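What follows is one structure encoded as structure tokens, with my remarks underneath.
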2 protein chains.
Amino acid sequence: MQVRAAQRGKEPALATIQQVADLARVSTATVSRALAGKPSVSAATRERVEEAARSLGYVASATASSLASGRTRNIGMVMPYLGSWFYAAVLKGAHRALADGGYDLTLYHLEDTTRHAERRQRLFDEFLRRKRVDAFIAVSLELSDAELERIALLGKPIVGLGGPIPGVTTLSLDDAGVATLATEHLLSLGHREIAHLGGDEAFEQDFHVPAKRRAAYEQALRAAGVEPDPRLIKNADFTIQGGYQATLQMLGAPQRPTALFAASDEMAIGAILAARDLGLRVPEDLSVVGIDGHELGEFFGLTTVDQFPVVQGRMAAETLLEELSPDAPGDHVNRDLPYELVVRKSTAVPSGRPRE
Amino acid sequence: MQVRAAQRGKEPALATIQQVADLARVSTATVSRALAGKPSVSAATRERVEEAARSLGYVASATASSLASGRTRNIGMVMPYLGSWFYAAVLKGAHRALADGGYDLTLYHLEDTTRHAERRQRLFDEFLRRKRVDAFIAVSLELSDAELERIALLGKPIVGLGGPIPGVTTLSLDDAGVATLATEHLLSLGHREIAHLGGDEAFEQDFHVPAKRRAAYEQALRAAGVEPDPRLIKNADFTIQGGYQATLQMLGAPQRPTALFAASDEMAIGAILAARDLGLRVPEDLSVVGIDGHELGEFFGLTTVDQFPVVQGRMAAETLLEELSPDAPGDHVNRDLPYELVVRKSTAVPSGRPRE
DNA sequence: GCACCGCCTGCAAACGCTTACATTGGTGTC
DNA sequence: GACACCAATGTAAGCGTTTGCAGGCGGTGC
């Protein structure tokens, strides 16, 4: 103890609660209570304590406070991806909401590397048990039974974002609803040859999002009396590049669709660029609709089903904070995430080709 | 104390060091030393302790450990932006390096909102003094003298990324070098009418990056005997949209440049799209070079000066960890960040128009 | 045979808070 | 005027580690 101060020779020894107590001529207990906003402190005393704290520049040590109270006021955010705008937006939304609630956010990024399994193991073996955080937000993370059990053992609240996790509060997007909305938008414009650019399961293993979207797309078509054409369905890797390539192939084939529904905005943008490169006009020759609410959507005039990633992050944080509040109901509510069709210039009534 | 356990009725009471000590039949001191890898523990004892810890699933409490040792093994990362791919990449790089070093990362996002000043104030008044972290990484954050003083008072290491901060270890990009490299690339291809899409200072206030790049661009031109033409210089907001608009105007004017150097890849991509929309071919009618190493650069065949954001994050983290190591030199080394010209398909020898 | 020296280990004191429980006056009631 | 009660504060016991210091013990040198 006191060693670092000696070693380093500096450490200006930030004020402790004792010093504040001395200055305000009360006990440390009262200082703690006053600064925590507890009701059982007289107005006069509180004022005196606050003044003392201010003049000393006192801020309670998070570590000492955590150790004593058992609460860290820190939330762990576990994300398997980070590079994309989408996850950055989710992070942003969650961070803001947590900061507003007086919580810090510690990030744990589970990346797709060769050491993925090792890191993931370490996450569950160490990070989660280290008591550095009060609770977790797990984004797009499908958990194994063993992992779920470990979490249950910890007894710490956890909110999942992106897909139902058994026994855990989850916020999820109604993938079928989203895909139906997009498909019906195209149908309502009069399109019948509607292609689908789905996601490759290999790139979004969790929760089978691509499959759900594809199924809803097919069902919406059938409901409108259109039999899905397997030749109009392609999978890509969720990127602009992938959408571009897939669309190039699709539009090169003899039976060209008049509309295309992509499972992500990035693929949709790729599709728009591919169409342009083939000399096709969007939306006259090809209507395109995506999913996500990508920041570039506006620039490309892309019609999309926005899923408000920033809001997702915020909702996850708010839900978690509710669960952490003392009067929490205790049961796990699974909320649905909002989504909304944003119509821009990439979709229109089919034209340019003879209608049969 | 013990309250939460009672209140909530759960909390499986994770194993404490005492339990490990009992099981291994040693004192808690020895357990601590054995698990920390201290040399003064016999091999036999160490083995016994490790076995006990393993069987109990013991992981030391971060808060207790921090309080006792004064070290948190947690780093604060302060970022003014978060939404863009660039900062997400920096974050990713830093996180990985910190995780490898056994450190956690707590994020502090200083966003551009109306409450910006308030949050920033709070950052310096509370977050930094709360002792939740051992040190900081400040990304693209220009600090006021008052803030610098506060940091100095804390005595905690800090590494800045993105611009020289007086008295602080900083990693910065040689903006002049980058702009010179890009400009000279175009000059070496034979271009003489080279436009510049600079950044608007309003959108990147810190460190005057746009001004430095522009100055270096002009100097490179002069060095090659070309007088910079003010009509060929425009500012935009670093986005695709902004680059698109500015380029549209620029190429609509009578004296059209044969090449364009944009201060960011996103503006460069906007420029490429604008050129296409005007019926110009890239690179035949217009060569375009950007700066950054954007993930979309490959797709658009964009020649760029890559500044490796992931590496920047990693370097910042590694530099900080070095400073935290006990045998740190103590002086502040300011390193330069790497950059590299990546030639793709958007630049070529000028052609298509009569050379004079 | 003795003094010393190292190597391991244990003891116990922090670390800086929070909070259960005790204490102290002051008010209100009958 | 005695009693009960309540509000405000103090006392002190933790919270779960780390680490300075001391001590035991076996070996070594002379």
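Order of the sequence lines sets the chain letters (A, B, ...), proteins ahead of strands, with each chain counted from 1. This structure is a prediction, so every number in the text was calculated from the model and none was measured.
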What residues form a salt bridge (Lys or Arg N to Asp or Glu O under 4.0 Å) with [X], not counting sequence neighbours?
X        : answer
A/Asp22  : none
B/Arg150 : B/Asp125
A/Arg314 : A/Glu318
B/Arg335 : B/Glu322

Between A/Thr72 and A/Tyr103, does the side chain to side chain donor-acceptor pair (under 3.5 Å) criterion hold? Intermediate values first, please. CA-CA 9 Å; A/Thr72 64; A/Tyr103 277 74; over 6 Å; no

Rounded interatomic separation in angstrom, taking [atom1] from [X] and [atom2] from [N]:
X        : N      : atom1 : atom2 : value
A/Arg129 : D/dT17 : CZ    : P     : 12 Å
A/Asp134 : D/dC15 : CG    : P     : 18 Å
A/Tyr58  : C/dT18 : OH    : C1'   : 10 Å
B/Arg73  : D/dT17 : CZ    : P     : 16 Å
B/Lys131 : C/dG16 : NZ    : C1'   : 8 Å
A/Leu14  : C/dC15 : CG    : C1'   : 14 Å
B/Gln18  : D/dG14 : CD    : P     : 14 Å
B/Ile17  : C/dA14 : CD1   : P     : 19 Å

Say whether B/Thr63 and A/Thr63, considering side chains only, have a donor N or O and an acceptor N or O under 3.5 Å apart. no

Using a strict threshold of under 4.0 Å (side-chain N to carboxylate O), is an ion pair present between B/Glu51 and B/Arg54?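 Answer for the salt bridge query: yes.
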
Determine, for A/Asp134 against A/Lys156, whether the closest basic-nitrogen to carboxylate-oxygen distance falls under 4.0 angstrom.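 No salt bridge links A/Asp134 with A/Lys156.
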
Check whether any side-chain nitrogen or oxygen of [X] sits under 4.0 Å from OP1 or OP2 of [N], and answer yes or no.
X       : N      : value
B/Arg71 : D/dT19 : yes
B/Ser65 : D/dT17 : no
A/Ser61 : C/dC17 : no

In terms of side-chain heavy atoms of B/Leu67, which of C/dG16, C/dC17, D/dT19 is nearest?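 Nearest listed nucleotide: C/dG16.
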
Identify each atom pair where a protein N or O and an N or O of nucleotides 8-10 of chain C are less than 3.5 Å apart, giving names and distance.
residue, atom, partner, partner atom, Å
C/dT9, OP1, B/Ser42, OG, 3.1
C/dT9, OP1, B/Thr45, OG1, 2.3
C/dT9, OP2, B/Ser42, N, 3.0
C/dT9, OP2, B/Thr45, OG1, 3.4
C/dG10, OP2, B/Ser27, N, 2.9
C/dG10, OP2, B/Ser27, OG, 3.2
C/dG10, OP2, B/Thr30, OG1, 2.7
C/dG10, N7, B/Arg33, NH2, 2.7
C/dG10, O6, B/Arg33, NH1, 3.2
C/dG10, O6, B/Arg33, NH2, 3.4

Any side-chain to backbone donor/acceptor pair from A/Ser32 onto A/Thr28? Under 3.5 Å, distance only. no

Angle of first-five versus last-five pair axes in the helix from C/dG1-D/dC30 to C/dC30-D/dG1, to 10 degrees: 40°

